[in-house]
Amino acid sequence: MSLLSIRGVRKTFGANVVLDGFDLDVEQGECVVLIGASGSGKSTLLRCVNLLETVDDGVIELDGTDITDPRADADRIRSGIGIVFQSYNLFPHLTVLDNVTLAPIRVHGVRRDVARAQALEMLDRVGLVEKAGAKPDELSGGQQQRAAIARALVNSPKLMLLDEVTSALDPELVGEVLDLLRELKADGITMLICTHEMSFAREVADKVCFLHHGRPLEVGPPGQVLADPKEPRTREFLSRIIKSGRL
Amino acid sequence: MSDWQPSALQVERLAYRRRRTIRSGLIAGISTVLLVALAVAGIGSTPGWPRVRETFFDLDRGWEALPTVAQGLWLNIRVMLVCAVLIVILGMTLAIMRTLRGPVFFPLRMFAAAYTDVFRGLPLLLVIFLLGFGVPALQLRGLPNEAVIWGGAALVLTYSSYVAEVFRAGIESVHPSQRAAARSLGLSHRQTLRFVVLPQAVRRVMPPLLNDFVSLQKDSGLIAVLGVIDAIRAAQLETAEDFNFTPYVVAGLLFVALTIPLTRLTDWVARRQGWYGGGGGPV
Ligand SMILES: Nc1ncnc2c1ncn2[C@@H]1O[C@H](COP(=O)(O)OP(=O)(O)O)[C@@H](O)[C@H]1O
Ligand SMILES: [Mg+2]
């Protein structure tokens, strides 16, 4: 059984059909990369999985439980899924350390000193212990994004969702964040990632999924989807990316 | 750490800046003195001035009235402090009521909206009259009769509707991505409001909030119409003795002196927020 199973998910915003019967499976320990044009619904899909959006139809199962059931405890489900946003979304009034310990203390009931120790360990892992007492706006973009990743990871999520986590960063800061994601992959953390970094996708993905018109138009190993796509639409998208110098 | 010494160029620049600061200070001082002298000479030479000075700016009379007026002001200060606390609590409650989602809370949302509409629309003086003269006239048992309490209640009712709107604007100014980030970590609606939204909202509305309290300080003088002996009423009683209006001027000066620290604090908070910034861009 897959860790995450998306079946026939539909999501519309008014007349705009963003996801139209979307199917995708993510196995335990797998790293799945979503690619597709801007506006193709990648962020919407991640937000549906994290229950930040309510689906209009279809089922999303996490670990065999239907999380789209309106009777499900949304807060508990969310606390088991980590999401990292393109714009970091750190809490500006809290220090980096307090950003990381907020959920463990308030949601998971971890004791303050234990949460602090765990958070410092996690910040050490993302290379930010010295910045534990700093406020987010005293950090560089790359540091903020690593703090946001630590904030999500400290809850030991079953699944990590990463939404274009490098696209707001200056080019020389992209590397430090991608290195961190490589480590997560090596640790066997299950990840569903949206990215425009095609070379990174080819390197870490177990499976690549190309979104088009609200459906997974082409799904397969990166060697096939990125190097030898069957679908003309995929080829078109990739050639546009190549022209912009991202592959 | 490093053994940096300012270069000759930098030393020269600093000296230039210092000279310029001194020069600006001199110019500001001289022009102020000149202007004040002109104004005094101008007003002093008008035919009515001696009479005005006698009725409004009689130093001896002012000095004599100061203790009574200051005693009245002490009541204003106490009313102001107690009301400020109640206003913050009530205003925050109303603002949170208006942000509640879900059909269960419809009556609460409606109530909060109606409340702010009514009390922002009613002139404060009218509310003071209605409560201060109306409620005691009902002769309900168990309710206090002191005018100062009803005057204070009128201030609380009116000001909390303003403050509620200030808080609500602050809550709504926190970007939705902050809420999304909090909810994604598993925080409930309440926890998100308490730990993520409200702290940012309150920080952001500090300047307008303090501004409302500057205004409250002055308006606490309106309860004088109920016969409460505050600074204004005390001044009025003093004037009634000899028709010299200097006590009013004294009361005015005291009110200004009272609000200046709060006004400066407001400026300082607003300036400090300049670099504090918003936080949280689009998702
Ligand atoms: N909250 C929203 N309200 C209305 N439309 C939205 C909202 N969020 C996303 N959309 C629309 O959904 C489509 C997909 O957006 P998104 O999932 O952000 O695409 P991607 O992440 O692939 O660039 C876009 O057309 C966008 O305008
Ligand atoms: Mg997106």
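Below, chain A is the first sequence line, B the second, and so on; all start at residue 1.
Considering every non-hydrogen atom in both A/His93 and B/Gln200, the closest pair reads ND1-CG, 3.3 Å. The two atoms that bring A/Leu90 and B/Gln178 nearest to each other are O-NE2, 2.9 Å, heavy atoms only. What you find for A/Phe85 and B/Ala181 is that their closest heavy atoms are CE1-CA, 3.7 Å.
Within a 6.0 Å sphere centred on CZ of A/Phe13, other residues, nucleotides and ligands contribute more than 12 heavy atoms. Atom NZ of A/Lys131 is surrounded by 12 or fewer heavy atoms from other residues, nucleotides or ligands within 6.0 Å. More than 12 heavy atoms of other residues, nucleotides or ligands shown are found within 6.0 angstrom of CZ on B/Arg78. Within a 6.0 Å radius of CZ in A/Arg116, other residues, nucleotides and ligands contribute 12 heavy atoms or fewer. The environment of CD in A/Glu121 is sparse: at most 12 heavy-atom neighbours from other residues, nucleotides or ligands sit within 6.0 Å.
Note: B/Ser184 OG to A/Asn155 CG = 9.0 Å, rounded to the nearest 0.5 Å. Interatomic distance, OG of B/Ser188 versus CG of A/Asp75, reported as 5.5 Å (0.5 Å rounding). The distance from the CD1 atom of A/Ile105 to the CZ atom of B/Phe195 is 9.5 Å, given to the nearest 0.5 Å. Atom OG1 of residue B/Thr192 and atom CZ of residue A/Arg106 lie 12.5 Å apart, to the nearest 0.5 angstrom.
When the candidates A/Val84, A/Leu51, A/Asn50 are compared by the number of heavy-atom contacts under 4.5 Å with chain B, A/Asn50 comes out ahead. If you tally non-hydrogen atom pairs under 4.5 Å between each of A/Gln144, A/Arg78, A/His108 and chain B, the highest count goes to A/Arg78.
Using a 4.5 Å cut-off between heavy atoms, A/Phe91 contacts chain B through both its backbone and its side chain. When heavy atoms are compared at a cutoff of 4.5 Å, A/Ile81 approaches chain B solely by way of its backbone atoms N, CA, C and O.
A 4.5 Å side-chain heavy-atom check between A/Leu102 and B/Leu187 finds at least one atom pair inside the cut-off. Inter-residue side-chain proximity for B/Leu185 and A/Arg151 is flagged as met; some heavy-atom pair is nearer than 4.5 Å.
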